Amino acid sequence: MTAPDRLAHRRMRAGRAWPLGATFDGAGVNFAVFSANATKIEVCLFSDDGRKELARLALPERDGDIWHGHIEGLMPGARYGLRAHGPYDPANGYRFNANKLLLDPYARQIVGQIKWSDALMGYRVGHPAADLSFDSRDSAFAMPRCVVADTSFDWGGDQPPEVPGRDSLIYEAHVKGLTALHPAVEPGLRGTFMGLSADPVIDHLLKLGVTAVELLPVQAFVDDRFLQARGLRNYWGYQTIGFFAPQPRYMRQGAIWEFQAMVRRLHRAGIEVILDVVYNHSGEGDEFGPTLSFRGLDNRSYYRLPQDARHYVNDTGTGNTLNLAHPMVLRMVMDSLRYWVEVMHVDGFRFDLASTLTRGEGGFDPGSAFLDTIRQDPVLSRVKLIAEPWDVGLGGYRLGSFPHPFHEWNDLFRDGVRKFWRGDKGLAPDLAKRLLGSAEKFDQQGRLATTSVNYVTSHDGFTLADLVSYLGKHNEANGEGNRDGHNDNHSDNFGVEGPTPDPAINAARDLRRRNLLATLFLSQGMPMLLAGDEIGNSQAGNNNAYAQDNETAWIDWPGADAAMLRFVRRLTALRRANPVLSQRRFLHGQQRDSDHRPDLEWRRPDGATPAAADWNSPDFQALGVVIRENAEGPDLAGEGTVFAVFNAGAAGSVTLPEGAWLCALDTTRPEAAAHEVGETAPMPAQSVLVFTRPTPSGGA
């Protein structure tokens with residue numbers, strides 16, 4: 001007889017109201033669940049295989065809005081779910097339906113996947129009253145199961161790398177996409193946490209100079225019903241349903257220690273783990289979505305509802321918005337974040353649609369409870385915090401508005417650099433701002449130059465190879481008539497849409513890619529590289545591959561561009577060797593006390609300082625910049641100077657600043673070794689040139 005069989009007839013004792021969720025205490029399992037509006041909460045225990053419901057036990061105590069109870073003898077590994085009783089009055093925001101099995105919002109482990117059925121809906125699908133109707137079918141057969149988790153793990157003295165922002169290179173990757181086609185990763189590990197931390201992957205990351213992997217959502221998420229109907233599934237993972245549980249499909253053995261082991265291996269290699277997290281909405285959708293967890297436990301508390309409480313505020317474009325203005329919802333988010341840091345040892349978070357997390361009745365609130373709480377938290381304030389500073393709500397674009405210590409994805413960098421190299425006129429002033437970490441946006445209230453997360457491509461949009469190969473998106477495989485995805489990509493196809501055998505076009509595309517990446521790694525701020533761009537990965541023009549869990553979105557390791565990989569490794573090494581390219585403080589051309597030279601000088605190709613007429617000229621397409629240590633230093637380990645030239649125009653020559661120089665990089669000659677140059681140097685068309693001072697030994 002299994003433990004749940006023996007416990008089926010036992011009573012649940014009072015237990016305690018903390019911690020929330022299901023917690024094994026050595027004598028049994030304590031359950032604590034928040035619901036302000038329920039009339040009863042039940043815990044359903046299931047057989048070891050999860051198929052049979054063995055017991056349905058009401059939580060006997062309520063402290064404030066937390067229901068709790070303790071089952072003696074219950075052990076880790078037990079399968080369970082919740083049922084919530086209360087009013088079913090959708091017009092007033094109440095959607096309790098005890099016929100629906102619910103996931104525990106604090107479940108540390110979830111097994112199984114949703115089996116889509118109308119029984120998952122709290123209302124009767126097809127009924128004339130729509131979502132105001134009531135469905136009495138039991139949904140347990142279609143639901144995953146929560147698991148009482150054993151979170152203990154032998155970390156073996158694990159220490160977080162704690163890489164300073166100025167030394168960071170973020171590598172945005174998908175757990176499955178990174179390894180699904182990797183020939184050197186064991187087949188059984190591909191697409192899993194263990195596969196991502198396999199030796200061949202770590203070796204690639206280290207040679208690339210990566211200091212942090214930023215993983216697309218790995219918290220348990222939902223495969224949308226409309227995607228399954230099209231033979232697709234949620235690949236990116238932006239439909240979270242369990243904020244504490246790792247996504248089951250990424251675990252080979254279904255155990256959370258697999259995630260912990262991945263983190264431990266990456267840490268030992270000096271690589272941080274950053275999670276892309278989605279606390280702005282859940283996977284339950286709008287009023288016509290399923291009842292899976294939050295909706296059934298306390299719809300009015302968990303979600304932001306308009307005055308017409310039947311519907312949902314939709315600042316996310318996904319059907320609902322979590323209500324972080326409610327103290328218990330905010331607590332859930334903070335508990336979740338601390339759990340991933342303290343128990344799972346992650347090193348930071350990228351917050352999807354972060355503007356939504358701050359929004360109050362008056363819109364974006366820089367003094368919101370979310371921002372204030374996370375900034376004062378002794379655990380969370382010390383990890384890397386990255387905001388995607390926008391959403392689709394009114395006034396939702398808030399680039400530059402987040403307080404220290406938040407970093408922010410900088411779409412101005414992405415778009416401006418793309419347009420400059422595409423040849424758009426009058427972009428030199430904008431390029432200058434992006435090269436300096438977008439100080440006009442971020443240099444305020446003590447924020448650092450590393451605040452700007454610079455990127456040319458991300459998961460959302462074209463890959464780098466597609467950016468130079470397609471004028472328009474090609475998302476037909478998503479089944480939405482190519483209406484989804486961004487329309488304004490600032491891309492170029494060099495006269496041919498998609499792949500071509502023309503060597504001249506391919507050479508021009510390769511040069512454009514090198515120029516874009518060189519600009520990324522020569523800019524102040526924190527660079528982010530999209531996984532696969534370093535080897536020329538393509539998605540065949542799909543700029544919204546959110547549903548493509550297949551070869552379209554998986555990185556094409558067998559087709560790797562070896563020359564591009566060598567070039568990217570050279571770029572990252574160049575950045576590491578020249579700390580002036582990644583300073584903590586913003587550069588403003590201030591005079592330094594040490595030598596009375598400015599920390600920054602702009603140059604025309606002829607060596608003169610650009611005048612106002614140059615900056616205002618649409619034909620000013622070749623910009624040089626001398627970068628020294630910030631005048632507010634000392635900030636760097638040693639003196640260093642870099643002179644870089646960004647030429648999106650015709651060929652010519654460039655006059656170098658006074659002194660001896662090495663040409664460390666010429667994007668038109670990516671394999672050329674560093675070499676000494678005289679007072680002038682050739683300036684090829686469409687090129688980035690980098691000059692450094694020779695070291696005493698004569699090296700670069």
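From a predicted model like this one, the values you see are computed outputs, not experimental measurements. Residues take their numbers from the sequence shown, with the count starting at 1.
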Side chains of [X] and [Y]: does their closest heavy-atom pair fall under 4.5 Å?
X: F402; Y: T451; answer: no
X: T519; Y: L435; answer: yes
X: V456; Y: L464; answer: yes
X: L587; Y: V580; answer: no
X: S582; Y: R575; answer: yes
X: W554; Y: T179; answer: no
X: F494; Y: T500; answer: no
X: L581; Y: F521; answer: no

To the nearest 0.5 angstrom, please state how far the [atom1] atom of [X] sits from the [atom2] atom of [Y].
X: W409; Y: F351; atom1: CH2; atom2: CZ; value: 13.5 Å
X: T668; Y: L689; atom1: OG1; atom2: CG; value: 7.0 Å
X: F420; Y: F646; atom1: CZ; atom2: CZ; value: 8.0 Å
X: K433; Y: K441; atom1: NZ; atom2: NZ; value: 9.5 Å
X: N489; Y: R418; atom1: CG; atom2: CZ; value: 6.5 Å

Shortest non-hydrogen contact from [X] toward [Y]:
X: P598; Y: G589; result: CB-O, 3.7 Å
X: N542; Y: D466; result: N-OD2, 4.3 Å
X: L353; Y: T316; result: CD1-O, 3.8 Å
X: D430; Y: G416; result: OD2-CA, 3.3 Å
X: G485; Y: N543; result: CA-OD1, 3.7 Å
X: D492; Y: L471; result: CA-CD2, 4.0 Å

More than 12 foreign heavy atoms under 6.0 Å from CZ of R597: is that the case here? no

Working note: R604 + F620, criterion side chain to side chain contact (heavy atoms under 4.5 Å, CB included); need CA distance, chi angles, decisive distance, verdict.
CA-CA 9 Å; R604 296 188 322 204; F620 186 36; 4.3 Å; yes

[Y] backbone acceptor or donor facing [X] side chain under 3.5 Å:
X: E214; Y: Y171; result: no
X: Q539; Y: A545; result: no
X: Q686; Y: L511; result: no
X: N493; Y: G498; result: no
X: D391; Y: T356; result: yes
X: E408; Y: G400; result: yes
X: N647; Y: P684; result: yes
X: S617; Y: A613; result: no
X: H174; Y: K176; result: yes
X: N280; Y: D352; result: yes

**OP:** For the pair H459 and Y238, name the ring-plane relationship: parallel under 30°, tilted 30 to 60°, perpendicular over 60°.
**Re:** parallel

Practice problem: Assign the ring pair F462 / Y470 to parallel, tilted or perpendicular, where the plane angle (0 to 90°) is split at 30° and 60°. | Solution: parallel

Practice item. For the pair D276 and R350, evaluate salt bridge (charged side-chain N to carboxylate O under 4.0 Å, His left out) and give the outcome as yes or no after the intermediate values. Key: CA-CA 5 Å; D276 191 337; R350 179 265 190 190; 3.0 Å; yes

Side chain to side chain donor-acceptor pair (under 3.5 Å) test vs R513 passes for just one of D561, T667, D533, namely D561

Test item: side-chain donor near acceptor, [X] and [Y], under 3.5 Å:
X: H588; Y: D443; value: yes
X: N544; Y: N475; value: no
X: N454; Y: S452; value: yes
X: N537; Y: T463; value: no

- Decide side chain to side chain contact (heavy atoms under 4.5 Å, CB included) for K384 and D347; before the verdict, give the C-alpha distance in whole Å, the side-chain angles of both, and the deciding distance to 0.1 Å. CA-CA 6 Å; K384 286 186 171 66; D347 306 282; over 6 Å; no

* Derivation of the side chain to side chain contact (heavy atoms under 4.5 Å, CB included) call for R512 and L467 -> CA-CA 9 Å; R512 177 71 57 80; L467 184 66; over 6 Å; no

- Item | Aromatic ring proximity F364/Y397, centre distance under 6.0 Å | no

Next on the checklist: When you measure from the centre of the six-membered ring of W390, is the NZ or CZ of R398 closer than 6.0 Å and no more than 45° off the axis?
Outcome noted: no

For V568 and L529, what are the C-alpha separation, side-chain angles and deciding distance, and is it a side chain to side chain contact (heavy atoms under 4.5 Å, CB included)? CA-CA 10 Å; V568 177; L529 181 69; 4.2 Å; yes

- Task: List the steps and the verdict of salt bridge (charged side-chain N to carboxylate O under 4.0 Å, His left out) for E534 and R569.
- Result: CA-CA 9 Å; E534 74 275 18; R569 288 175 176 171; over 6 Å; no

